[in-house]
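Only one structure is covered here, and it is reproduced in the block below.
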Amino acid sequence: MDKSCASAAEAVACIPDGATVMIGGFGGSGGPIELIHALIDKGAKNLTVINNNAGNGDVGLAAMIREDMVSKLICSFPKSKDPRAFTERYLDGKIELELVPQGTLAERIRAGGAGIPAFYTPTSYGTDLAKGKPVGEFDGRSYVQERWLKADFALVKGELGDPMGNMTYRLAARNFNPLMCMAARHTIAQVTKLVPAGGIDPEQVITPGIFVNSIVEIANPQQEEVLNREGAVYP
Amino acid sequence: MDKSCASAAEAVACIPDGATVMIGGFGGSGGPIELIHALIDKGAKNLTVINNNAGNGDVGLAAMIREDMVSKLICSFPKSKDPRAFTERYLDGKIELELVPQGTLAERIRAGGAGIPAFYTPTSYGTDLAKGKPVGEFDGRSYVQERWLKADFALVKGELGDPMGNMTYRLAARNFNPLMCMAARHTIAQVTKLVPAGGIDPEQVITPGIFVNSIVEIANPQQEEVLNREGAVYP
Amino acid sequence: MTDFAEIKLSNAQIAWRAAQDIEDGAYVNLGIGFPEMVAQYQVEGREAIYHTENGVLNFGAAPAEGEEDWDLINAGKKAITLKDGAAFFHHADSFAMVRGGHLDVAILGAFQVAQNGDLANWSTGKGVPAVGGAMDLVHGAKRVAVVTDHVTKKGDPKLVAECTMPLTGVGCVTRVYTSLAVIDIEDGHFVLREKLPQISLEELQAVTGGELKVQGTVADLIVPTL
Amino acid sequence: MTDFAEIKLSNAQIAWRAAQDIEDGAYVNLGIGFPEMVAQYQVEGREAIYHTENGVLNFGAAPAEGEEDWDLINAGKKAITLKDGAAFFHHADSFAMVRGGHLDVAILGAFQVAQNGDLANWSTGKGVPAVGGAMDLVHGAKRVAVVTDHVTKKGDPKLVAECTMPLTGVGCVTRVYTSLAVIDIEDGHFVLREKLPQISLEELQAVTGGELKVQGTVADLIVPTL
């Protein structure tokens with residue numbers, strides 16, 4: 001079994017216009033920058049993107065938004081040091097926003113991956129973000145019913161990977177990546193080092209390969225925070 | 001921070017009659033035999049036990065049941081090579097059984113740990129095990145509503161542990177252990193080796209210490225399957 | 001009247017036939033007991049990755065006797081070995097794989113399969129009830145198949161118009177490999193795909209509890225001696 | 001009339017006061033911004049374990065400038081370091097800790113706190129809305145406290161009879177550390193526990209939007225110069 005891909009370009013070639021795409025990362029950490037930039041190179045329109053944020057500066061997700069590839073964003077915190085790309089389009093009504101509390105976003109993605117169509121959470125009960133959602137009472141406390149989130153594709157970033165799709169993550173770059181691997185029909189991973197099957201201790205695998213469809217080695221990955229501090233612009 | 005305990009006896013001393021106790025393990029693998037035996041030594045009555053099985057032979061959970069410590073069992077598969085202790089009491093109406101599909105059992109425990117009071121699953125829809133449970137329809141498919149499971153105590157078995165409660169697991173002995181750590185008010189762990197804080201790579205921690213209340217080193221732990229093959233009897 | 005006992009496939013042969021339909025690269029869960037035999041007949045040149053409910057992906061054959069590590073078992077509590085690229089995970093992640101539709105195939109045993117795809121394989125309604133992962137598996141895998149003798153030991157049909165035993169899942173089975181035939185379940189009907197050449201359609205129908213539809217040709221069910 | 005601007009506590013002093021209530025061994029989440037200062041005033045001899053939503057337990061102070069590893073950040077996207085016994089986990093496990101009641105204390109900022117414990121701290125109702133983990137934290141930790149100036153920059157009360165801004169959570173706050181007082185929320189009321197000795201109860205009430213109840217003695221709010 002070999003899920004490895006020769007290049008980021010090859011890995012993202014299958015993403016069509018109109019797709020729903022989960023993108024891993026939290027702020028500047030754990031985002032699959034090379035996969036995102038490959039998708040910008042390829043071009044795709046009218047995407048629904050699921051990410052914790054809305055990009056920062058002029059690279060990665062912010063660059064996708066600036067290139068008008070994204071028609072809807074599902075996220076918890078569309079603010080950053082330099083959120084221009086999103087803010088302008090949002091205030092102009094050119095991009096739709098579904099705002100989800102961060103823990104609910106994580107749990108909805110996990111639910112999508114785990115075959116749980118709906119669950120109840122105390123989060124957002126009694127707030128504007130619960131408007132229109134069913135409410136349930138359990139043991140005398142009120143909860144909001146939330147639905148699963150699934151995607152056509154996930155773009156994620158790991159540290160070690162093997163050809164079967166098993167992966168580990170570096171430090172806090174883990175964040176949403178393992179969850180998104182579970183919740184997409186087709187998960188595309190970039191890893192810093194591709195090792196042979198057996199090269200990752202089975203006890204240390206964080207994402208089992210069953211959740212990954214293609215994997216590409218990007219040996220010296222770019223880091224969004226570092227790029228932004230350098231004032232990088234893509235393309 | 002030091003959650004370590006000098007002995008299994010000290011660790012389980014706090015478990016009173018009538019408590020709900022989750023016990024990790026699947027069949028003969030991953031069960032905290034020394035903690036269970038310490039609880040038998042101490043004695044406790046009228047316990048509700050949550051475990052995948054109902055014990056095997058004359059050690060561990062089977063011995064607890066044979067000592068009439070358990071009044072209710074929540075499990076998915078109360079059969080084994082030698083299920084006498086449970087079977088006799090069940091057929092005599094001396095022990096209550098709540099039978100739960102295995103994946104639903106795991107998810108209910110996770111939900112208990114994650115603050116999710118209820119969720120929907122396709123599992124058991126249309127079967128006897130869904131009787132009396134609410135049903136929900138999502139996207140044209142029917143699902144059963146299941147409730148979280150929590151416990152007063154969890155007894156679990158890890159491989160490495162540190163005084164903050166961080167843990168790893170050995171091979172498939174992981175099974176229900178990390179989930180039960182999350183879902184109990186007070187989690188008691190036995191580990192094969194207690195290392196200083198910092199002795200487990202933070203990327204390789206499976207159970208973060210926040211889910212563990214006390215931890216005891218049992219350097220050469222017994223293994224239920226091995227004990228049963230030797231015909232062991234406890235006490 | 002053909003003597004079915006003489007010509008019917010052995011469990012090994014049923015397992016062999018089921019194994020022919022497992023694609024290269026498939027993620028597969030085999031039910032405890034008879035279905036586990038399917039792994040022995042993996043088609044040359046294809047690689048299947050086996051999942052077991054208690055938290056292991058890509059396990060291999062049983063170790064030699066005396067070489068067992070009893071912390072390394074499958075859902076049937078039998079000792080296993082690991083292949084390169086294996087992974088461990090906890091039970092909630094394991095059933096996320098099942099319930100979340102990540103498995104390609106689950107192959108299970110059956111007491112009864114109904115023509116609408118209902119499966120009864122967990123309870124005879126007597127003694128101590130035990131369900132394990134059966135009810136999760138039938139709603140998880142992309143394809144749920146059954147391997148079974150065509151009839152019970154008493155000769156009663158196991159493929160039935162309607163299950164009389166406690167259900168494991170509703171409308172979940174899509175293909176049944178029996179000791180006499182290969183039958184798909186489509187739109188609430190048994191559709192006969194293959195049958196032992198020695199048996200006539202009428203003879204097969206006589207030991208089947210629901211109508212056997214025929215769409216196009218019925219192929220001969222040919223398996224090697226095993 | 002006392003000039004509050006001259007005597008009120010600085011943010012550092014409010015953070016110091018909040019830190020005094022964190023027990024040894026507590027698991028703590030500090031909201032982004034001002035609440036993060038609480039970590040600087042951990043009481044000598046006590047150990048708190050800090051949690052951050054993006055998946056780290058037991059992180060420490062910021063690294064020296066130039067020493068940052070930008071894969072090692074907190075929820076405020078600031079670089080952090082690790083203490084011995086740290087752990088990483090994904091976002092669903094991180095919010096399982098939050099929502100599942102595993103944190104002992106969450107200390108958050110506020111736009112408004114109502115006398116029934118309602119909190120508004122996420123949205124002014126203008127511009128781009130952003131919520132992050134605020135709504136999860138208020139329903140997770142065993143104790144949800146707020147650190148805040150007692151009044152807005154314009155001098156309006158931040159402790160109010162009823163929130164007028166969009167809510168973060170309903171009935172969730174149990175203690176408020178302000179620049180003038182320490183106030184508990186019990187049974188739908190503000191209960192005054194400590195106040196700056198230079199301010200009278202009447203003066204404090206005048207800048208508070210709900211009735212300040214007194215139960216037993218009101219202690220002097222005494223903090224060091226920081």
Side-chain angles (χ1 to χ4, degrees), chain A residues 26-30 52-54 56 75-81 83 86-87 90-91 97 99-107 109-111 113-114 121-130 141-143 159 169-179 182 206-207 223-226 228-229, chain D residues 32 52-57 59 68-82 86-101 116 118-120 122-123 125-140 163 165-172:
Chain A
F26 176 89
S29 138
N52 187 66
N53 302 100
N56 186 12
C75 81
S76 91
F77 204 81
K79 288 184 181 173
S80 65
K81 275 186 208 139
F86 176 78
T87 303
Y90 177 74
L91 296 177
L97 172 66
L99 193 72
V100 183
Q102 197 173 321
T104 299
L105 182 64
E107 192 67 13
I109 296 167
R110 182 196 174 272
T121 174
T123 299
S124 93
Y125 175 74
T127 76
D128 292 351
L129 295 191
R141 192 171 169 194
S142 296
Y143 296 86
E159 179 67 3
Y169 299 90
R170 185 169 184 272
L171 306 173
R174 187 177 305 189
N175 55 62
F176 281 90
N177 284 299
L179 304 171
M182 297 168 67
I206 300 300
T207 291
Q223 215 278 358
E224 188 186 283
E225 181 74 20
V226 173
N228 277 319
R229 284 170 183 260
Chain D
I32 295 171
T52 184
E53 294 95 306
N54 57 313
V56 192
L57 258 180
F59 64 95
E68 300 92 347
D69 182 328
W70 293 108
D71 282 347
L72 184 54
I73 59 174
N74 64 13
K77 282 95 175 182
K78 295 197 194 77
I80 54 175
T81 53
L82 294 183
F88 294 108
F89 32 87
H90 61 51
H91 255 82
D93 281 349
S94 184
F95 281 91
M97 292 175 194
V98 172
R99 205 190 300 105
N116 66 350
D118 287 2
L119 173 67
W122 76 280
S123 166
K126 290 172 203 157
V128 176
V131 64
M135 287 191 184
D136 303 281
L137 284 166
V138 297
H139 288 298
C163 289
M165 297 173 76
L167 291 187
T168 306
V170 172
C172 51

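So you know, we letter chains A, B, ... as the sequences are listed, proteins then strands, and number each from 1.
- For D:Val98, no part sits under 4.5 Å from any heavy atom of chain A, backbone or side chain.
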- Message: Before you tell me yes or no, could you show the steps for D:Lys77 and A:Phe77 under side-chain contact (heavy atoms from CB on, under 4.5 Å), namely the whole-Å CA-CA distance, both residues' side-chain angles and the distance that decides it to 0.1 Å?
- Response: CA-CA 12 Å; D:Lys77 282 95 175 182; A:Phe77 204 81; 4.1 Å; yes

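- With chain A as partner, the option from D:Gly132, D:Gly55, D:Gly133 having the largest number of non-hydrogen pairs under 4.5 angstrom is D:Gly132.
- Contact tally against chain D (heavy-atom pairs below 4.5 Å) for A:Gly27, A:Ala130, A:Pro78, A:Cys75: the top residue is A:Pro78.
- In this structure, D:His139 has its ring center at least 6.0 angstrom away from the ring center of A:Tyr125.
- In this structure, the portions of D:Ala75 lying under 4.5 Å from any heavy atom of chain A include both its backbone and its side chain.
- Contact between D:Val131 and D:Trp122 at its shortest, heavy atoms only, is CB-CE3, 3.7 Å.
- Counting heavy-atom pairs closer than 4.5 Å to chain D, the top-ranked of the candidates A:Val100, A:Thr121, A:Leu129, A:Asn177 is A:Leu129.
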- Intermediate values then yes/no, side-chain contact (heavy atoms from CB on, under 4.5 Å), D:Asp136 and A:Thr104: CA-CA 8 Å; D:Asp136 303 281; A:Thr104 299; 3.9 Å; yes

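- Looking at A:Leu97, only its side chain comes within 4.5 Å of chain D, counting heavy atoms on both sides.
- A:Glu225 pairs by the salt bridge (charged side-chain N to carboxylate O under 4.0 Å, His left out) definition with A:Lys81, A:Arg229, not counting sequence neighbours.
- Most heavy-atom pairs under 4.5 Å with chain D, from the set A:Thr123, A:Asp128, A:Thr87: that is A:Thr123.
- Heavy-atom pairs under 4.5 Å with chain D peak, among A:Pro122, A:Ala173, A:Gly126, at A:Pro122.
- Heavy-atom distances place no part of D:Asp118 under 4.5 Å from chain A, backbone and side chain included.
- At a 4.5 Å heavy-atom cutoff, the contact between D:Thr168 and chain A is made by backbone atoms alone.
- Using cut-offs of 30° and 60° for the angle between ring planes, the D:His91 and A:Phe26 rings count as tilted.
- For A:Gln223 and D:Asp71, the side-chain atoms include at least one donor-acceptor pair closer than 3.5 Å.
- When each of A:Val226, A:Leu105, A:Leu179 is scored by its heavy-atom pairs under 4.5 Å with chain D, the top score falls to A:Leu179.
- When the candidates A:Ala106, A:Ala54, A:Pro101, A:Gly103 are compared by the number of heavy-atom contacts under 4.5 Å with chain D, A:Gly103 comes out ahead.
- Qualifying ring-ring contact (aromatic ring centres under 6.0 Å, His included) partners for A:Tyr90, counting only residues two or more places apart in sequence or in other chains: A:Phe86.
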